[in-house]
Amino acid sequence: MSQPSQHLSAAHFAPFLHAFRRHSPLVHCMTNEVVQNFTANVLLALNASPAMVIDAGEAAEFSRFADALLINVGTLTRERQQAMQAAVTAAREAGTPWTLDPVAVGALTLRSDFCQQLLSQEPAVIRGNASEILALAKQASGGRGVDTLHQADAALDAARQLATTWRTLVIVSGEVDYATDGTRIVALRGGSPLMTRVVGTGCALSAVVAGFSSLPGDRLLNVAAACQVMSSAGERAASQAAAPGSFATAFVDALWTLEAQHETH
């Protein structure tokens, strides 16, 4: 029986952000071509080190000494699938935590089959929107490409099922983000609707989640902190920007200054 959701404040997670900046994890991002630059800038703003190594041989080699690995199937090809599989295998051998972002799973066959295959390979975290999590758990057919057709709370049962079956953590992103280990659930409020109007905020979140998963301590709270950091930055950016173009710049700036702002409250 799962526990009721915990609602934790942004201030609660300030020490997690401080630890992340101090640790400065090296995050190996095998992510989609559309978001690589934005993802790198988000990680840099948080004092992490991003790397986008995609060749199969190099990806496997790099995953052995990276602090965390992200597998994002947004622009999956069969060649890239082989590279991602090599990186996951190497990460498991090295004990490197890896995060799966099942972009548009349920909508297309290649990525759906590949992500189902990856479930048995010990992802530390799965991060997706509600439709992706429902599709991954085989409880729905998926969303409209990368767009969700469901509210986040509609995928909570699917998230708990995935977490329990595969002994992993699952994050469902939406107006409220939920993180669960199958028993505990952390609910995280905040963010801004403008975050859905900028390409790459969800994919960048998965990269930040991957980085936070490498921190010592309670991994569920660590990855929940990643969600709260991104939501808090979204709120602050939205207070300064009225449209998507300026919001994207303000968002990266907010990530850069977030810890100092928390310390003044």
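In this chain, residues are counted from 1 in sequence order. Source: prediction; values computed, not measured.
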* To do: Test side-chain contact (heavy atoms from CB on, under 4.5 Å) on Val186 and Thr180 and set out the steps.
  => CA-CA 6 Å; Val186 181; Thr180 183; over 6 Å; no
* **Residue pairs, two or more places apart or on separate chains, that pass salt bridge (Lys or Arg N to Asp or Glu O under 4.0 Å) and touch residues 93-121** => Arg64-Glu93, Asp101-Arg127
* Asked: Is there a chain of hydrophobic side chains (I, L, V, M, F, W, Y, each step under 4.5 Å between heavy atoms) that links Leu258 to Val252?
  -> yes
* Asked: Knowing that exactly one of Thr99, Leu43, Val209, Leu100 qualifies, which makes a side-chain contact (heavy atoms from CB on, under 4.5 Å) with Leu70?
  -> Thr99
* Side chains of Ser232 and Gln228, donor plus acceptor under 3.5 Å -> yes
* Flag, side chain of Ser214 to backbone of Gly211, donor-acceptor distance under 3.5 Å -> yes
* Structure fact -> Sorted by chain and number, sequence neighbours left out, salt bridge (Lys or Arg N to Asp or Glu O under 4.0 Å) with Glu58 holds for none
* Asked: Side chains of Val199 and Val35: does their closest heavy-atom pair fall under 4.5 Å?
  -> yes
* **pair Leu136-Gln116: side-chain heavy atoms closer than 4.5 Å** => yes
* Would Ile54 end up clustered with Ile71 when hydrophobic side chains under 4.5 Å apart are linked, directly or stepwise? -> yes
* Candidates Leu156, Asp157, Val170 - the one meeting side-chain contact (heavy atoms from CB on, under 4.5 Å) with Ile133 -> Val170
* Hey, does Gln121 have a side-chain heavy atom less than 4.5 Å from the side chain of Trp98? -> yes
* Asked: Is the closest side-chain heavy-atom distance between Leu76 and Met84 below 4.5 Å?
  -> yes
* Using ring pair (Phe, Tyr, Trp, His ring centres under 6.0 Å) as the criterion, list what pairs up with Phe62, not counting sequence neighbours. => His28, Phe65
* For residues Thr75 and Arg80, is any side-chain donor paired with an opposing acceptor at under 3.5 Å? -> yes
